[in-house]
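Since the structure comes first, as structure tokens, the remarks are kept for the end.
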Amino acid sequence: QKNLINSIKDAGLDLTDKNIKDINTVKGVLSELIQYVTQEFSDIKESAWFRENVAILFGMGIIKGYPDSTFKPDDTITNAEFITMALKAK
């Protein structure tokens with residue numbers, strides 16, 4: 001996880017920057033993030049409709065999954081988890 005995040009930073013790409021103009025860089029990083037979350041989280045399948053959204057939020061540091069390498073997409077999030085995500089997204 002840290003290697004991927006560091007490589008994004010080393011490339012000078014801030015996923016929170018709304019003025020990113022190099023679409024090829026964005027596509028490349030997003031592709032890597034999608035591949036990463038599919039490998040990192042054992043419960044996110046390649047066919048999951050939400051996989052790209054998880055990758056984006058993960059890349060922005062808003063979500064991180066659980067220590068057991070799962071994301072638990074079918075679980076209801078707690079109020080505390082929601083507030084944490086909202087504050088990180090700010």
Side-chain angles (χ1 to χ4, degrees):
Q1 173 182 352
K2 291 193 186 244
N3 290 336
L4 181 62
I5 300 299
N6 288 337
S7 66
I8 291 169
K9 289 179 182 174
D10 290 345
L13 183 63
D14 177 3
L15 294 179
T16 62
D17 182 0
K18 294 177 178 47
N19 297 314
I20 296 172
K21 295 188 171 107
D22 184 359
I23 192 66
N24 291 326
T25 302
V26 174
K27 285 180 180 179
V29 170
L30 181 57
S31 177
E32 287 185 39
L33 284 170
I34 291 170
Q35 181 180 0
Y36 180 81
V37 298
T38 304
Q39 293 171 353
E40 178 68 15
F41 302 125
S42 61
D43 53 355
I44 295 183
K45 306 296 181 211
E46 287 191 29
S47 60
W49 63 268
F50 53 85
R51 190 171 63 133
E52 185 174 308
N53 297 327
V54 171
I56 292 168
L57 294 173
F58 178 83
M60 294 176 74
I62 295 172
I63 59 172
K64 62 181 180 178
Y66 294 91
D68 64 351
S69 295
T70 61
F71 180 71
K72 302 182 182 181
D74 295 322
D75 286 5
T76 303
I77 63 171
T78 66
N79 289 340
E81 289 171 327
F82 176 79
I83 291 169
T84 300
M85 290 187 293
L87 290 173
K88 287 181 178 182
K90 181 182 172 193

Output for pair (Lys64 NZ, Lys88 NZ), nearest 0.5 Å, gives 5.5 Å
Joint hydrophobic cluster, Ile77 plus Phe41, side-chain heavy atoms closer than 4.5 Å: yes
Side chain to side chain donor-acceptor pair (under 3.5 Å) pairs touching residues 46-61, sequence neighbours excluded, are Thr38-Arg51
key: Side-chain heavy-atom pair Met85, Leu57 within 4.5 angstrom cut-off   = no
Tell me if the centroids of the rings in Phe58 and Phe71 come within less than 6.0 Å of each other. no
Separation between CD1 (Ile63) and OG1 (Thr84), nearest 0.5 Å, reads 12.5 Å
Checklist entry - Within a radius of less than 6.0 Å around CZ of Phe82, do more than 12 heavy atoms belonging to other residues, nucleotides or ligands occur? => result no
Sequence neighbours excluded, the answer for side chain to side chain contact (heavy atoms under 4.5 Å, CB included) partners of Ile83 is Leu87
Sorted by chain and residue number, the side-chain hydrogen bond (donor to acceptor under 3.5 Å, both in side chains) partners of Thr70 (sequence neighbours excluded) come out as Asp68
CD (Glu40) and CG (Leu33) are apart, to the nearest 0.5 Å, by 12.0 Å
